[in-house]
Enquirer: 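Quick one: this structure, given as structure tokens, is what I'll be asking you about.
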Amino acid sequence: MSQIKIEVSCPSCRKSLMNSAVQIDDFPSIEISAKISGKAGQLYLSQIYGSYQKKFVGVEDIKDTVVDCSCPQCHKPFPIHKVCDCNAPVTTLNLDIGGRISFCTRNGCQYHSVEFENLDDAYLLFKKQNPSYYA
Ligand SMILES: [Zn+2]
Ligand SMILES: [Zn+2]
């Protein structure tokens, strides 16, 4: 199976959201400030594209609740570009190689998508990370 790793940064302050202190799927996680029913904590996501491994700290992992996502560095809420089929907001983060990743903020909803600004960048990234896939 091919594994695409995505490294993301905040669309507002452009600081990296990667956290090497918390590992998910054996890689540094994506750290997000999460608010669930008025409580604040952290949400750590896998940087493997298509992996739904995640970890909540300080907030309960309640299935089907909508997570209020913001930047752990500048505390600005992440931008919302659309609404998911499940009626929760879909939030967007910047990809370090150019482009963006969107994911649904409902805990348990698997909607996500990735868009690259430059398809050559995407191809080079995939090729670098999955040499056997393209051999
Ligand atoms: Zn920020
Ligand atoms: Zn959804």
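One-based numbering, in listed order, for ligands and for the atoms of each. Note that the structure is a prediction, hence the values are computed from the model and not measured. Heavy-atom basis, side chains included; hydrogens, waters and symmetry copies ignored.
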Enquirer: At the Zn ion (ligand 2), what angle lies between atom SG of Cys109 and atom SG of Cys104, rounded to 10 degrees?
Expert: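 So the angle at the metal works out to 110°.
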Enquirer: How wide is the angle at the Zn ion (ligand 1) spanned by Cys10 SG and Cys13 SG, rounded to 10 degrees?
Expert: 110°
Enquirer: Is there a side-chain contact between Arg100 and His81, using heavy atoms and a 4.5 Å cut-off?
Expert: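 A side-chain contact under 4.5 Å exists here.
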Enquirer: Has His75 got an N/O/S atom less than 2.8 Å from the Zn ion (ligand 1)?
Expert: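 False for His75.
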Enquirer: For the residue pair Thr91 and Thr105, confirm or rule out a side-chain donor-acceptor distance under 3.5 Å.
Expert: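 Their side chains do not contain a donor-acceptor pair, so the 3.5 Å distance test is not met.
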Enquirer: Does Lys5 make a cation-pi contact with Phe27 (under 6.0 Å, within 45 degrees of the axis)?
Expert: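 Judged by the rule (NZ or CZ under 6.0 Å from the ring centre, within 45° of its axis), Lys5 counts as positioned above Phe27.
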Enquirer: To the nearest 10 degrees, how large is the angle at the Zn ion (ligand 1) between Cys71 SG and Cys74 SG?
Expert: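 Rounding to the nearest 10 degrees gives 110°.
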Enquirer: Do Asp96 and Ser9 meet the criterion of a side-chain donor-acceptor pair at a distance under 3.5 Å?
Expert: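 Checked: Asp96/Ser9 side chains pair up, N/O donor to acceptor below 3.5 Å.
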Enquirer: With a 3.5 Å cut-off and no angle check, do the side chains of Asp25 and Ser46 form a donor-acceptor pair?
Expert: yes
Enquirer: How many degrees, to 10°, between Cys84 SG and Cys86 SG as seen from the Zn ion (ligand 2)?
Expert: 110°
